[in-house]
Amino acid sequence: MQAQYDPSTIEAAAQRHWEAAGTFRATEDPSRAKYYCLSMFPYPSGRLHMGHVRNYTIGDVISRFMRMQGRNVLQPMGWDAFGLPAENAAMANRVPPARWTYDNIATMKRQLKSLGFGLDWAREVTTCRPEYYRWNQWLFLRMLEKGIAYRKTGTVNWDPVDQTVLANEQVIDGRGWRTGALVEKREIPMYYLGITAYAEELLGALDGLGGWPERVRTMQANWIGKSEGVTIGFPYELDGERRQLKVFTTRADTLMGATFIAVAAEHPLAARAAAMRPELAAFVEECKRGSIMEADLATMEKKGMATHLCVTHPLTGAAVPVWVGNYVLMGYGEGAVMGVPGHDERDFAFAKQYGLPIRQVIDVDGRPYSSDAWQPWYADHGRCVASGAYDGLDHAQAVRAIAADLEARGLGARQVQWRLRDWGISRQRYWGCPIPLVHCDGCGDVPVPEKDLPVVLPEDLVPDGSGNPLAKLAAWVNCACPKCGRPAKRETDTMDTFVDSSWYFLRYASAANDQAMVDARVGYWLPVDQYIGGIEHAILHLLYSRFWTRVMRDLGLVNLAEPFQNLLTQGMVRNAIYFRKPASGRVVYYSPADVEIETDVRGQLVGAVLKADGEPVESGGIGTMSKSKNNGVDPQSIIDRYGADTARLFIMFAAPPELSLDWSDEAVEGAFRFLKRLWKAVEAHLEAGPAPPLETAALGAADRALRRLAHQTLAKVADDYGRRRTFNTAIAAVMELLNAVTRHEATSGTARAVVHEALEFAVLMLSPVVPHITHALWQELGHARAIVDEPWPAADPAALRQDAVELVVQVNGKLRSKITVAVDADEATVRSAALADATTQRFVGALSVRKVIVVPGKLVNVVAN
RNA sequence: GCCGAAGUGGCGGAAUUGGCAGACGCGCCGGACUCAAAAUCCGGUUCCCUUCGGGGAGUGUGGGUUCGAUUCCCACCUUCGGCACCA
């Protein structure tokens, strides 16, 4: 056996074996229990980053562990290959997005292989290939037929200089990223998918997703945002016609306190009033500028302007002024809200600013109300006051009574409102799946017939930042109308890339089928048993996938509603941030690899200097690895230097998967050191010659203790991998076992036999995390079968047996002593043993014992005073 | 702003159902080996006090429940993730 651990040769050998044996090729086998382990597929951005390594290592550990548990494992991989970064790269390098994307895929695939992930590459999916996205188009047309997909206008960011639509991330401080021009909002026709029709089901089914983190279910529930309230009509007359201005509210009990109405800038009534007053028109225009992002809308200064129109209060008949408010969203509810300054904080601030009346109509436990300053309890539920017939009613009673009265007059109805909006999928971008429609002057929007699918995206265009290059390609745009045959134009919008990722997990199970989107194999593999990905996808991607799967169910294509049975959301990978801020000019960030840390004698950080010039740099704390902060670590550099196993071990050991993980060069070194120690421990054991067979009856106390630890560790590690998913504690437990093995006096034959068993267990238990070194060590330990095909070993109950157990003794809750009692000692025996203990007595002293609490197998607490 | 998390030694973290706070690893200190260094191995390492037996404090802050709280409850502070055209 090699005395030195040499990762590069053993990793190449292990990978060759898996490749040659087709180890990870998954085949449907109804006689075996399947396990579908899915990691979120990457966007091919260039090279793998540490977030990918973390994601895929977690998936690979689970896959390999489940394989050892006897499951028929499917672990596929693919590429989320459409998207904006490819267009940005195209502009920067004048290379078509397709070339850039395919080159990146080749690089990243090589990297994934070098990390030793057990992936079934025969099922690889690439979303920018026509054989994949043709099914996006096909299903979109089915949705159009069913009315699930439909057309309406939507708001986009418009760059007036480049004459192009901007993504939110291309808008920086309200200006276009390339031109610096002030961004405008613009209404354009788009295609939407009716996810709101599924809102009730998507919300209700969350309860059944016990394998998902509670926080993700809560976030989804809040996102869907079911609120039960009342739609209220405020009557008014316009052009001699009686109309109603509708608002939605969950606080109909405060209707008597409504002193104004605020409408969105895009509301028809605002447009109508603006036509008569230039200053209002200017204000409406101002509101239409600026961000379409909710975070910006929520934090911007609340502004308004009177329309000088009034509507009638539906209960009192009083005139209520209508204002335009920049904080009212056209997309939510009716695009208008009733202003109740007395009991809503935002309305209160608005009323104060514009001198609108503030009225108390809810009493909370008789607390004194003053309209001078807002108090948080003003928004609490209470009883109606100054509300005429409704005085004295509580929240629920008042809502019911007011809704009934409004309904009787035809001025309102109880209604369920959703925060969730329909999913706009049109993108005015080139590098995406073409929306299969043709615009004909005579026939309107005509779907491309199924026989003409796919509508293939040309792959050789280079975008220049001004508009969509597809629109400039006459040969592609101009076509014949499928209905009347006359000249027509293709739709140049492409689909949101979330469409691609909403069903790729189904395609893996139906790989290479060119006749259908999905086939019967979905029935065997789905649902996904374990899905792993970043917490940043907790809402959108997961919600869209749940929706899309239901649509396919309703179209009779699949027989399931929930695609992901268990979900693990992994945390971010972070690293230190260092920078200098020159007196003039921009902040410069330095890679932590180029910075020398200075510590005091306790190891506490006192300063940092740049290696290049020895001058100090400032510390910016710790943040997510990113290009902008220059604090990323290229996984390739770790693989090249230490091997894939060290990279995998470090990343799994440094933190539990759900928490963010802080990079540490020293800890990587530590992981490498552990693997060297493991190698050396096996080598030293084998050097001493073959170990005799294990004779359990002949073991001494020390041998029995080591054997017990080895068998206990088997159960602990299986629980950590399989149930708790705390890979860090699993690895720590094997480290403890290895520490015990190396400390063990292994001179006798029986001792060597126990050590041999413990080493085999350690190697088997580590094999999901570090598959290459354990592949080699397993061979060295004398096994012909590859370790990847070995089952998880069974613990021997006899090895776990224990006669005596140590208990903690507390006096008044403080640890004071320890006693050893027989494992089956009854409570009275334990109690008297604790009280008889000399150290316990010293602390009890003259105090009288009030109570003795015995927790079997754990502790005794003596309460005395 | 709204929604969701997380705060424990010098650092990453452990404590699984309310029961020994700090497992495991990093760093640091001391020692062995070496001409020397690296590598490796051994020992120590929460803080404060100590007559070296031990004693006291301690899990972001402030309160509460309990024989017992890192764990449960209330309020607050800080940091991080998402907010619909980044993926």
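Chain letters run A, B, ... following the sequence lines, proteins first, then strands; residues in each count from 1. All figures in this text were calculated on a predicted structure; none of them were measured in a lab.
- Checking G19(B), U16(B), G25(B) against the side-chain heavy atoms of Ile853(A) singles out G19(B) as nearest.
- Following rounding to the nearest Å, Arg574(A) (CZ) and C80(B) (C1') show an atom-to-atom distance of 7 Å.
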Practice task
With side chain to side chain contact (heavy atoms under 4.5 Å, CB included) as the test, would you mind laying out the steps for Trp212(A) and Leu542(A) before giving the verdict?
Solution key: CA-CA 11 Å; Trp212(A) 284 36; Leu542(A) 292 169; 4.0 Å; yes
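- Checking G55(B), G13(B), A84(B) against the side-chain heavy atoms of Tyr544(A) singles out A84(B) as nearest.
- In this structure, Leu84(A) reaches the sugar-phosphate backbone alone: every heavy-atom distance under 4.0 Å involves primed, P, OP1 or OP2 atoms, never a base.
- Backbone-only engagement by Phe843(A) is indicated by non-hydrogen atom pairs under 4.0 Å involving sugar-phosphate atoms exclusively.
- When heavy atoms are screened at a 4.0 angstrom cut-off, Arg215(A) is found touching the sugar-phosphate backbone but no base atom.
- Whole-Å rounding puts the Phe498(A) CZ to C86(B) C1' distance at 8 Å.
- The pair Asp344(A)-Arg251(A) does not count as a salt bridge, with every side-chain nitrogen at least 4.0 angstrom from each carboxylate oxygen.
- Comparing atom distances between the Asp662(A) side chain and each of G27(B), G12(B), G25(B) picks out G12(B) as nearest.
- Computed from coordinates, the Glu669(A) CD to G27(B) C1' distance equals 13 Å when rounded to whole Å.
- Spacing between atom CZ of Arg850(A) and atom C1' of G68(B) amounts to 18 Å, rounded to whole angstrom units.
- Residue Leu540(A) places its side chain closer to A84(B) than to any other of G82(B), A84(B), G25(B).
- The side chain to side chain donor-acceptor pair (under 3.5 Å) with Gln428(A) is formed by just one residue from the set Thr494(A), Asp493(A), Asn468(A); it is Asp493(A).
- For the pair Arg816(A) CZ and C20(B) C1', the interatomic distance rounds to 13 Å; values are reported in whole Å.
- The pair Arg215(A)-Glu658(A) meets the salt-bridge criterion, since a charged nitrogen lies less than 4.0 angstrom from a carboxylate oxygen.
- For Leu543(A) and A84(B), the CG to C1' distance is 10 Å, given to the nearest whole Å.
- Contact annotation for Val862(A): no contact, since no heavy-atom pair falls under 4.0 Å across all strands.
- Backbone-only contact: Met293(A) has heavy atoms under 4.0 Å from sugar-phosphate atoms and none from a base.
- No engagement by Met495(A) is indicated, since no non-hydrogen atom pair under 4.0 Å with the nucleic acid exists.
- G53(B) takes the syn form, because its glycosidic angle lies no more than 90° either side of 0.
- A donor-acceptor contact shorter than 3.5 Å links the side chain of Trp679(A) to the backbone of Gln2(A).
- Between C67(B), G1(B), G25(B), one nucleotide has an atom nearer to the side chain of Thr299(A) than all others, and that is G1(B).
- With a glycosidic angle no further than 90° from 0, G9(B) counts as syn.
- Regarding Ile535(A), its CD1 atom lies at a distance of 16 Å from the P atom of C80(B), rounded to whole Å.
- For a distance-only test at 3.5 Å, the side chain of Asn222(A) fails to qualify as a donor-acceptor partner of the base of C3(B).
- Side-chain proximity of Asn739(A) to the nucleotides G25(B), U16(B), A15(B) is greatest for G25(B).
- Mapping Lys680(A) and Val216(A) onto RNA chain B by nearest heavy atom places Val216(A) at the nucleotide closer to the 5' end.
- Within 4.0 Å (heavy atoms only), Tyr43(A) reaches sugar-phosphate atoms of the nucleic acid but no base atom.
- Scanning both residues, Thr569(A) and Pro213(A), for their nearest heavy atoms gives OG1-CG, 4.0 Å.
- Here Lys814(A) lies in heavy-atom contact (under 4.0 Å) with sugar-phosphate atoms only.
- Aromatic ring centroids of Phe650(A) and Trp663(A) lie under 6.0 Å apart.
- At a threshold of 4.0 Å, the pair Glu683(A)-Lys680(A) does not count as salt-bridged, since none of the basic side-chain nitrogens sits closer than that to a carboxylate oxygen.
- Using a 4.0 Å heavy-atom criterion, one finds that His537(A) contacts the bases of the nucleic acid, with or without backbone contacts as well.
- Closest contact between the side chain of Lys818(A) and the listed nucleotides G19(B), A14(B), C20(B) involves C20(B).
- Note on Thr218(A): only backbone sugar-phosphate atoms sit closer than 4.0 angstrom, heavy atoms only; bases stay farther off.
- Residue-level contact check: Glu294(A) touches the bases, meaning some heavy atom is under 4.0 Å from a base atom.
- Contacts of Lys302(A) with the nucleic acid, taken as non-hydrogen atoms under 4.0 Å apart, are absent.
- When each of G81(B), C41(B), G1(B) is scored by its nearest atom to the side-chain atoms of Arg677(A), the top-ranked nucleotide is C41(B).
- Under 3.5 Å, the side chain of Lys858(A) and the base of C20(B) form no donor-acceptor pair of N or O atoms.
- Ser45(A) comes within 4.0 angstrom of nothing in the nucleic acid, heavy atoms only.
- Each of Arg743(A) and Leu166(A) was assigned the nucleotide of RNA chain B with the nearest heavy atom; the assignment lying further toward the 5' end belongs to Arg743(A).
- Remark: P of A87(B) and CH2 of Trp79(A) are 17 Å apart, rounded to the nearest angstrom.
- Within 4.0 Å of Trp423(A), counting heavy atoms only, lies no atom of the nucleic acid at all.
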